[in-house]
Amino acid sequence: MTLIYLILILLFISLCWFYLGNNSAKIIKTKSGRLHSLAHYYGLYVLLYSFLPSFFVFIIISVFDDLLFSFLINDYIPDNIKIEPDYNKTIILAQIQNLIDGINFGNPSDWIILASEKMQEWFKISTISNYCFSILVAIIGGYLGFKNIDQDFRSRNSVEKIVIFLLALSSVIAILTTIGIIFSVIFESLRFFAIIPASEFLFGLTWNPQFEGAERAGSGQEGLASYGSVPLFVGTLLISFIAICIAVPVGLYSAIYLSEYSSKKERSFFKPLLEILAGIPTVVYGFFAALTVAPMLRSGGSLLGLDVASESALAAGFVMGIMIIPFVSSLSDDVINAVPQSLRDAGYALGSTKNEVILKVILPAALPGIIGSIILAVSRAIGETMIVVMAAGLAANLSFNPLDAVTTVTAQIVTILVGDQEFESAKTLSAFALALTLIVITLILNFYALYIVKKYREQYE
Amino acid sequence: MEMNEDKKDFKTNTVGDIFSDNPKIVSRNVSVYYNDKKAISDVSLDIGSKEIISLIGPSGCGKSTFLRCFNRMNDTIDGCKVEGKIFLDNENIYDEMIDVVPLRAKVGMVFQKPNPFPKSIYDNVAYGPRIHGLVDNKKDMDNIVEMSLKNAGLWDEVKDRLDSPGTGLSGGQQQRLCIARAIAVSPEIILMDEPCSALDPIATAKIEELLQTLANDYSIVIVTHSMQQAARVSQRTAYFHLGELVEVGYTKHIFTNPTDIKTQNYITGRIG
């Protein structure tokens, strides 16, 4: 908490430097009548010189003191504890932290009390040194920048360079995060594949994860747990397929109506309305599916003599299809609108009817964009979780029948990771393996979509 | 013929002879409004059979608007209203009974910017015959495509790559492809809206040469910004100014000895 004050102090110091730099540049300008850049660039330059280094110093000290202390604390852990079989440093560090925070379970050993006192002492030192050091850097950095100011100094160019660096840094952060996510999933998955062979996971036909405890308890029940993911992926594909069957025709037709037939007034009314669909939280769709659509399908099915499960793939897929309609319609509408008027004119001038112009001129020209919108909708459908959890159920049936209850990859990941869990168990780790497979499949899908779009582009433009 | 009889009595502000001895299109008192704005007012002009007539005038004078009346392309613009009468072969094309689909098959159009469809060269030309159901077998279609491309002077350049996209051609070739596409449905009249304004001089020369050949079979109305082009290609020239048809006459006469002062100013480069 006190660190927030530190940031405010740093900001204040650099603002002072801005003021100084700005003023000194103005003075130089009035004295010599000549200045390379506008005065405020000198101020900004000094500000950045003061704030950025001190901020980095601040970040580095706050991040690395924890690591350093957890390393130093080793000396305070008695050797006889270290050689115990279930020695776990994370737990000991947590105990020490608890003691610092004043949370106390039972009677801590003397060495833990000692260690926590030491730790507290170190944290005090690190906070104070963090304050002193960052403020010092802010002042020195500002001074170094300030010294550079003279009439020929190109402060604008330098500021632009620093800003470009910051922009690049931001984009790198996004990329690094993605890579980090992928790697964390990969490492957990590898641990899973160390327990369950990949071939069983990828090609097994039964999905029935169990905690190891359950296996151990019932003797002779080791065969209970099985991690064949095929039913989950079949379920995902089935539901996504149903959703696409609903969303693509409806979305595309409404896009065609909106862009080609509706008046401006209708369009300005309907398009935002359609886009509201995209703004409804998926959990709301979820209970719409579970409470309205599923019972309707069930009673409708029984009239026809069909046996519809109360949680069916059809209900989930249907509602998911409605959810992704705006993705298809809104994007396709934009793409169709982007087809140049000159092509429409060419069609009409040859005596085409409106219908012919749409079917033979506009849709072929807009095809790459339309495919792109569909792919986006598919990715959305595959990744959708809430509707499935609520409407399709959790029964991992291997079935292509839309009237059966099925489950999807995402729904399983949720159920595995929600609630109490034993992190080392195959059941928990399987969630990561599922996530990894899902990421790979979505990636392949995206690459394929890009390939298709590119291929058509080359042909058309 | 009803129109010929009132020739003597017909009053117009236009200088010169608006009539044609062998008219294909007869337009009388045509005014066009975009919403409440009057774009052209009270224009009367005959287009002769198999003649090339050029419409010239400064930007915004209404020449393109007038051109788009002949195939009712103005219908596609919201808020556009056309008054007056335009007869094509003695039939008022603004009559309620007229269907624009056959009308536009009869009156082809070539636009300012080449606008081939994003399809193959073959499909571009075959588009019109297909939608109008002109042929029912592949061989006839091949013939139409070949003839149209030949008439548009493009056949030799593209005969080996009919399957490659029309958009991959050069600007001049694209424009000739658009001409081929227009003549593939055997129109009687071709409207050209500044067909060379996006082309280089060599491509322009090719199109102008082509126009002379096409005039053997079609009536051609061409809107152009280039007075030299009008002088080179057309038999008659009509000068528009601020939505009015100021003067019309034989091209030679208009460019050497214009009667109206506005035409004179334009020809000599004082307006424009």
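Lettering of chains follows the sequences in order, A, B, ..., and the numbering in each one begins at 1. Everything quoted here is computed from the prediction, not taken from an experiment.
- Residue with the most contacts toward chain A among B/N115, B/L191, B/V185: B/N115 (heavy-atom pairs, distance under 4.5 Å).
- Heavy atoms closer than 4.5 Å to chain A are found nowhere in B/R72, neither backbone nor side chain.
- Neither the backbone nor the side chain of B/P187 has a heavy atom closer than 4.5 Å to any heavy atom of chain A.
- We find that B/D193 and B/K63 are not joined by a salt bridge, their nearest charged nitrogen and carboxylate oxygen being 4.0 Å or further apart.
- Dense packing is recorded around OH of A/Y261, with more than 12 heavy atoms of other residues, nucleotides or ligands lying under 6.0 Å away.
- Here the side chain of A/S268 pairs a donor or acceptor atom with the backbone of A/K265 at under 3.5 angstrom.
- Contacts of B/V110 with chain A are absent, with no heavy-atom separation under 4.5 Å from either backbone or side chain.
- Checked against B/C69 for a side-chain contact (heavy atoms from CB on, under 4.5 Å), the options B/V43, B/I86, B/D75, B/I93 give a single hit: B/I86.
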